[in-house]
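Proteins get letters first, then strands, A, B, ... in listed order; numbering begins at 1 in each. Scope of the values below: all heavy atoms of this structure, side chains included, with no hydrogens, waters or symmetry mates.
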Amino acid sequence: MAATRISDLLAGKIPTGADVTVQGWVRSRRDSKAGLSFVQVHDGSCFAPIQVVAPAALPNYGDEVQRLTTGCAVTVRGELVASQGQGQSVEIRAAAIEVAGWVDEPETYPMQPKRHTFEFLRENAHLRARTNTFGAVTRVRNCLAQATHRFFHGRGFYWIHTPIITASDAEGAGELFRVSTLDLANLPRTPDGKIDYAQDFFGRESFLTVSGQLSVETYCCALSKVYTFGPTFRAENSNTSRHLSEFWMIEPELAFADLAADADLAEDFLRYIFQAVLDEHPDDMAFFDEHVQPGVAARLAAFVEKSFDRLTYTEAVAVLEKAQASFEYPVSWGMDLQSEHERYLTEVHCRRPVVVTDYPKDIKAFYMRLNDDGRTVAAMDVLAPGIGEIVGGSQREERLDVLDARLKAMNLDPAPYWWYRDLRRYGTVPHAGFGLGFERAVMYATGVANIRDVIPFPRAPKSADF
RNA sequence: UCCUCGGUAGCUCAAUGGUAGAGCAUGCGGCUGUUAACCGCAGGGUUGUAGGUUCGAGCCCUACCCGGGGAGCCA
């Protein structure tokens with residue numbers, strides 16, 4: 001008999017009285033001298049485990065069932081019945097329990113049926129998926145990823161697989177990881193003593209990508225609506241709860257679009273994917289609300305309920321200058337907004353997500369479109385209560401002469417951007433896009449405070465275990 | 001990278017410079033349609049590493065390693 005998913009049993013999709021098989025891992029076992037044991041089995045299909053009632057009449061009851069400990073893998077066959085106890089609607093009256101895998105040395109098995117610290121679980125990343133918390137994070141992360149593709153597919157966007165290995169330090173967005181097959185102990189040299197990258201694998205210096213944006217713009221200027229969703233790498237030595245060396249980024253790009261259309265897209269997108277979590281994972285959200293961050297479910301519901309506010313950077317600075325709040329960093333036009341300022345705007349002033357637009361050109365990247373005032377660019381950040389910046393985007397500079405002037409003003413060599421400049425020479429078009437750090441979205445939805453706990457195997461400075 | 005706090009049993013944490021303990025987990029026994037079960041007993045330790053001060057260091061000093069939180073940078 002094929003195994004049934006525990007989620008289907010608990011959702012009432014199988015009638016009581018049916019013979020069922022479940023396969024999963026033991027979360028806990030409680031014995032009763034009434035002649036039975038209760039075994040909680042989970043298979044990852046949903047938050048709750050199913051209760052298996054194992055009667056002492058089972059042939060392997062004394063030898064095996066009563067030796068089951070947390071983590072053992074089992075196949076259970078039996079009848080689905082209405083539960084006599086509190087706490088679950090249905091349970092399985094076991095006719096057979098087959099142990100697929102025992103836990104060696106149960107006394108030292110790290111995953112106990114109790115609360116563990118995130119730090120401890122991080123050091124046991126190969127086993128932490130078995131916990132309530134990481135099972136729930138995994139399901140919500142998957143939901144957000146699936147919802148992302150569903151959202152863009154439904155709106156006619158194409159998913160573009162931009163390269164992981166790149167030869168151009170495209171936007172100077174951060175420190176790069178070098179990709180090389182050269183022998184580090186015996187580097188080839190040019191006559192003037194420099195490393196001879198012509199002998200490297202690609203015949204030139206190459207790196208892991210820090211962003212797919214510039215690449216995806218080329219497809220935007222042909223297929224109109226595109227997005228990337230893939231791994232991204234930053235070699236910054238930043239050791240915080242919000243940064244990873246390897247993370248996933250979502251970057252849509254929209255042709256014949258201005259900044260307002262970009263902001264609308266970001267708003268629709270965020271509300272869509274978070275609504276999907278609320279719709280599809282109420283049990284996981286209830287767990288986060290109770291055990292990870294009180295109020296997170298209500299915060300997410302409020303996020304999708306209200307439309308976003310809109311402020312220009314200049315308006316935002318005026319609000320902050322008048323604010324009855326003491327900031328560590330004083331506010332003045334021309335400075336970048338600090339996280340304390342972003343949180344004031346979204347949590348105190350607007351009390352809802354807010355899109356801040358039109359930042360000073362000197363604090364933004366070269367590719368952002370220069371506004372008519374000559375001193376701001378068509379950039380936008382989406383700020384959310386409880387987290388601050390969650391999305392950053394811009395309308396791209398589509399005018400070649402303006403783009404070249406910006407490159408020059410920022411002391412950037414235009415040569416490596418020859419293909420990016422070509423887009424402005426051949427059928428250029430106003431276009432816009434944004435970037436979303438996927439793990440930041442998972443953190444926001446789940447309330448998990450450390451970014452290393454929303455990705456299976458986090459990579460960070462001095463940390464690449466597993 | 002900077003600031004700050006920490007590292008003691010499998011886990012979570014105690015311990016005036018003076019005999020290293022508790023809860024949970026594990027094992028055994030008791031009790032029970034149980035559900036973070038409960039009650040009793042037992043095993044379990046090179047106190048992150050290397051030095052130093054002291055009659056005596058988990059505790060004080062120095063260096064290093066690792067981790068948490070915050071900052072900067074960003075996504």
Could you check whether A/Phe247 gets within reach of a base, just the sugar-phosphate, or nothing at all, counting any heavy atom under 4.0 Å? base

ask   = Within the structure shown, what part of the strands sits under 4.0 Å from A/Glu119 by heavy-atom distance: base, sugar-phosphate, or nothing?
value = sugar-phosphate

| query | So does A/Ser238 get a side-chain nitrogen or oxygen closer than 4.0 Å to the phosphate oxygens (OP1/OP2) of B/rC73? | reply | no

Legend entry - Separation of the C1' atoms in B/rA15 and B/rU47, to the nearest angstrom: 11 Å

In residues 64-74 of chain A, what donor-acceptor pairs under 3.5 Å come from side-chain atoms, sequence neighbours left out?
residue: A/Glu64; atom: OE1; partner: A/Asn60; partner atom: ND2; Å: 2.9
residue: A/Arg67; atom: NH1; partner: A/Asp63; partner atom: O; Å: 3.0
residue: A/Thr70; atom: OG1; partner: A/Arg27; partner atom: O; Å: 3.0

For this session: Write down the distance separating the C1' atoms in B/rG69 and B/rG23, rounded off to the nearest Å.
Result: 26 Å

| task | Evaluate the ring planes of A/Tyr313 and A/Trp333, with Trp represented by its six-membered ring, and classify them as parallel (under 30°), tilted (30 to 60°) or perpendicular (over 60°). | result | perpendicular

Of the listed B/rG27, B/rA75, B/rC11, the closest approach to the A/Leu244 side chain comes from B/rA75

Q. Across the strands shown, which category fits A/Glu123 at heavy-atom distances under 4.0 angstrom: base, sugar-phosphate, nothing?
A. nothing

A/Asp336 CG to B/rC74 P, in whole Å, measures 7 Å

| said: Regarding A/Tyr329, tell me which of base, sugar-phosphate or nothing describes its non-hydrogen contacts under 4.0 Å with the strands shown. | reply: sugar-phosphate

Nearest-Å distance once atom C1' is located in both B/rG45 and B/rU19:
15 Å

Would you indicate, yes or no, if B/rG69 has its OP1 or OP2 atom less than 4.0 angstrom from a side-chain nitrogen or oxygen of A/Asn450?
-> yes

With the side chain defined as heavy atoms from C-beta on, A/Met249 is closest, among B/rA75, B/rG72, B/rA37, to B/rA75

*asked:* Applying a 4.0 Å non-hydrogen cut-off, can you work out what A/Asp31 is touching in the nucleic acid: base, sugar-phosphate, or nothing?
replied: base

Exercise for the section: Name the orientation class of the two ring planes belonging to A/Phe366 and A/Tyr420 (parallel below 30°, tilted from 30 to 60°, perpendicular beyond 60°). Expected result: perpendicular

Contact class for A/His116 vs. all strands (heavy atom < 4.0 Å): base, sugar-phosphate, or nothing?
-> sugar-phosphate

note: A/Glu175, atom CD; B/rG72, atom C1'; distance rounded to Å ~ 14 Å

Exercise. Would you find more than 12 non-hydrogen atoms of other residues, nucleotides or ligands less than 6.0 Å from A/Glu321 atom CD?
Worked result: yes

Do A/Thr228 and A/Glu251 pair up side chain to side chain, a donor and an acceptor below 3.5 Å, judged on atom types alone?
yes

Q. Does A/Arg440 make a side-chain N or O approach to OP1 or OP2 of B/rA75 shorter than 4.0 Å?
A. no

task = Name the nucleic acid region contacted by A/Gln40, choosing base, sugar-phosphate or nothing; use a 4.0 angstrom heavy-atom cut-off, strictly under.
result = base

Side-chain contact check for A/Phe38: nearest option of B/rU34, B/rC73, B/rC13 is B/rU34

In whole angstroms, the gap separating C1' of B/rU1 from NE2 of A/His243 amounts to 13 Å

The nucleotide from B/rG27, B/rG72, B/rG67 with an atom nearest the side chain of A/Thr240 is B/rG72

Among the nucleotides B/rG72, B/rA75, B/rG67, whichever has the atom closest to the side chain of A/Ile451 is B/rA75

Inter-nucleotide P distance (B/rU4, B/rA9), Å rounded = 27 Å

Here the distance between atom C1' of B/rC65 and atom NZ of A/Lys462, to the nearest Å, is 11 Å

Assess whether atom OH of A/Tyr219 is packed by more than 12 heavy atoms of other residues, nucleotides or ligands within 6.0 Å. no

Pi-cation contact, A/Phe438 with A/Arg141 (under 6.0 Å, within 45°): no

What does A/Arg93 touch in the nucleic acid at a heavy-atom separation under 4.0 angstrom: a base, only the sugar-phosphate, or nothing? base

Practice prompt. Check every strand shown and say whether A/Ser83 touches a base, only sugar-phosphate, or nothing at a heavy-atom separation below 4.0 Å.
Written response: base

Using atom P in both nucleotides, what's the gap between B/rG6 and B/rC59 to the nearest angstrom? 14 Å

Check: Using the C1' atom in both, what is the distance from B/rA25 to B/rA36, to the nearest Å?
Finding: 12 Å

> Parallel under 30°, tilted from 30 to 60°, perpendicular over 60°: which one fits the rings of A/Phe434 and A/Phe269?
Replying inline: tilted

Using 30° and 60° as the class limits, which term best fits the ring planes of A/Trp159 and A/Tyr227: parallel, tilted or perpendicular? parallel

Taking Watson-Crick and G-U wobble contacts under 3.5 angstrom, with | marking pairs to another strand and [ ] crossing pairs, the secondary structure of RNA chain B is written (((((((..((((....[..)))).(((((.......))))).....(((((..]....))))))))))))....

(request) Would you indicate what A/Glu91 reaches in the nucleic acid, counting non-hydrogen atoms under 4.0 angstrom: base, sugar-phosphate, or nothing? (result) base

Expressed as a whole number of Å, how far does the C1' atom of B/rU12 sit from that of B/rC74?
35 Å

Between CG of A/Asn132 and C1' of B/rC11 the distance, given in whole Å, is 16 Å

Quiz prompt | C1' gap between B/rC28 and B/rG67, integer Å | solution = 37 Å

Report task. Classify the ring geometry between A/Phe303 and A/Phe274 as parallel (under 30°), tilted (30 to 60°) or perpendicular (over 60°). Result -> perpendicular

### Task
Taking only the side-chain nitrogens and oxygens of A/Arg122, find out if one of them lies under 4.0 Å from OP1 or OP2 of B/rG68.
yes

ask   = Taking only side-chain nitrogens and oxygens of A/Ser241, does any of them come within less than 4.0 Å of OP1 or OP2 of B/rG70?
value = yes

ask   = Which part of the nucleic acid, if any, lies within contact of A/Gly392, taking any heavy atom under 4.0 Å across all strands shown: a base, the sugar-phosphate backbone alone, or nothing?
value = nothing

The answer to which of A/Ile390 and A/Gln84 contacts RNA chain B further toward the 5' end, by nearest nucleotide, is A/Gln84

